[in-house]
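These numbers come from a predicted model, not from an experiment. The chains referred to below are lettered A, B, ... by the order of the sequence lines, with proteins before strands, and numbering in each begins at 1.
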Amino acid sequence: MKKFLKSNFFNRDARIVAKDLLGKYLVRKVNGKTRAYKIVETEAYLGSSDLASYARSGMTKRNFPMFGHPGHWYVYFTYGMHYMLNIVVAPHGKPSAVLIRGVVGITGPGRLTKQLKIDKKLNTKYSKKASGLWIEDRGEKVKPNSIKKTARIGVAYAGEWAKKLYRFVLTD
DNA sequence: ACGATGATGAAC
DNA sequence: TTCATCATCGTA
């Protein structure tokens, strides 16, 4: 049973979406080949008050997709080398997103985008088959006690926000 | 464990 | 113009 995740799934609090994405499948179609990757690591980034989020200092040329509609991809370039894959969540106008950090077999957000050939061409595209990148629920149950909550990675500068347990990892 | 990498945006 | 960053790879 495959169920395509629509915008109503993403139109919720970033923390809820981040947790619910564990065990779902990121599906990538490139050059006619379709592959599915089980999501095992995510991070939630909240609105403009979240000091760890790029939305912290208002809208910029890079972060504007976060202000768009839930269910759109937000791909940004960082450290001059890596693309990061996020899905825009929460109601329209509230700049939040979920960073997809890892899937089964691929650890790390930069490696994920490299292996799946994800770059800025997908930025602001809607998560659907026609975009070549979408998310499916394949009916797999996730046990609540197999979800680990930790602090987010690489955000030590964010004061109190750095301590919040907004990273979700599927441990089995 | 540490430096190089080098786009983007903020602070100066 | 300088500095730090939602990371990763090479070298040690």
**OP:** Give a yes or no answer on whether the side chain of A:R28 reaches the backbone of A:G132 with a donor-acceptor pair at less than 3.5 Å.
**Re:** yes
Original post:
Hey, are the side chains of A:L99 and A:M84 touching, using non-hydrogen atoms and a 4.5 Å cut-off?
Top reply: yes
Original post:
Base, sugar-phosphate, or nothing: which does A:S53 touch, judged by heavy atoms less than 4.0 Å apart?
Top reply: base
Original post:
B:dT5, C:dC9, C:dC6: which one has an atom nearest the side-chain heavy atoms of A:R111?
Top reply: C:dC9
Original post:
Ring of A:Y79 versus six-membered ring of C:dA7: centres under 5.5 Å and planes under 30°?
Top reply: yes
Original post:
Under 4.0 Å between a side-chain N or O of A:Y83 and OP1 or OP2 of C:dA7?
Top reply: no
Subject >> B:dG3 versus C:dA4 - spacing of their C1' atoms, nearest Å >> reply: 16 Å
**OP:** Tell me, yes or no, whether the heavy-atom count around A:K38 atom NZ, taken from other residues, nucleotides or ligands under 6.0 Å, exceeds 12.
**Re:** yes
**OP:** Determine, for A:Y25 and A:R138, whether the Lys NZ or Arg CZ falls below 6.0 Å from the six-membered ring centre while staying within 45 degrees of the axis.
**Re:** yes
Subject >> Sugar-phosphate only, base, or nothing, as touched by A:M81 at under 4.0 Å among non-hydrogen atoms >> reply: base
**OP:** Starting at atom CZ of A:R62, determine the distance to atom C1' of B:dG6, rounded to an integer number of angstrom.
**Re:** 13 Å
Original post:
Roughly how many Å is it from CE in A:M66 to P in B:dG9, rounded to a whole number?
Top reply: 13 Å
**OP:** Go through the steps for A:W73 and A:N86 under the test side-chain contact (heavy atoms from CB on, under 4.5 Å), then give the verdict.
**Re:** CA-CA 6 Å; A:W73 295 116; A:N86 300 252; over 6 Å; no
Original post:
What integer number of Å spans the P atoms of B:dA1 and C:dC6?
Top reply: 22 Å
Original post:
What nucleotide, of C:dT5, B:dT8, B:dA10, holds the atom closest to the side chain of A:S57?
Top reply: B:dA10
**OP:** To the nearest Å, give me how far apart CH2 (A:W161) and P (C:dC6) are.
**Re:** 15 Å
Subject >> Contact under 4.0 Å: A:R101 side-chain N or O vs C:dA7 OP1/OP2 >> reply: yes
Original post:
C:dC6 pairs with which nucleotide, Watson-Crick or G-U wobble, both distances below 3.5 Å?
Top reply: none
Original post:
With sugar-phosphate meaning primed atoms plus P, OP1 and OP2, does A:K114 contact a base, only sugar-phosphate, or nothing at under 4.0 Å between heavy atoms?
Top reply: nothing
Original post:
Between B:dG9, C:dC9, C:dA7, which nucleotide gets closest to the side-chain atoms of A:T60?
Top reply: B:dG9
Original post:
Touch check for A:L99, heavy atoms < 4.0 angstrom, all strands: base, sugar-phosphate only, or nothing?
Top reply: base
Subject >> Pairwise side-chain contact, A:L133 with A:K125, heavy-atom cut-off 4.5 Å (strictly under) >> reply: no
Subject >> Interatomic distance, A:Y54 OH vs B:dA10 C1' [rounded to whole Å] >> reply: 12 Å
Original post:
When the C1' atoms of B:dG6 and C:dT1 are considered, how many whole Å apart are they?
Top reply: 16 Å
**OP:** For A:R152, report the nucleic acid contact type (base, sugar-phosphate, nothing); a contact means any heavy atom under 4.0 Å.
**Re:** nothing
Original post:
Rounded to the nearest Å, what distance is computed from the CD atom of residue A:E41 to the P atom of nucleotide C:dA7?
Top reply: 10 Å
Subject >> Spacing between A:F77 atom CZ and C:dT8 atom C1', to the nearest angstrom >> reply: 12 Å
Original post:
Quick one: A:M84 CE to C:dT8 P, roughly how many Å, whole number?
Top reply: 5 Å
Original post:
What's the CD-P distance between A:Q115 and C:dA7, to the nearest Å?
Top reply: 17 Å
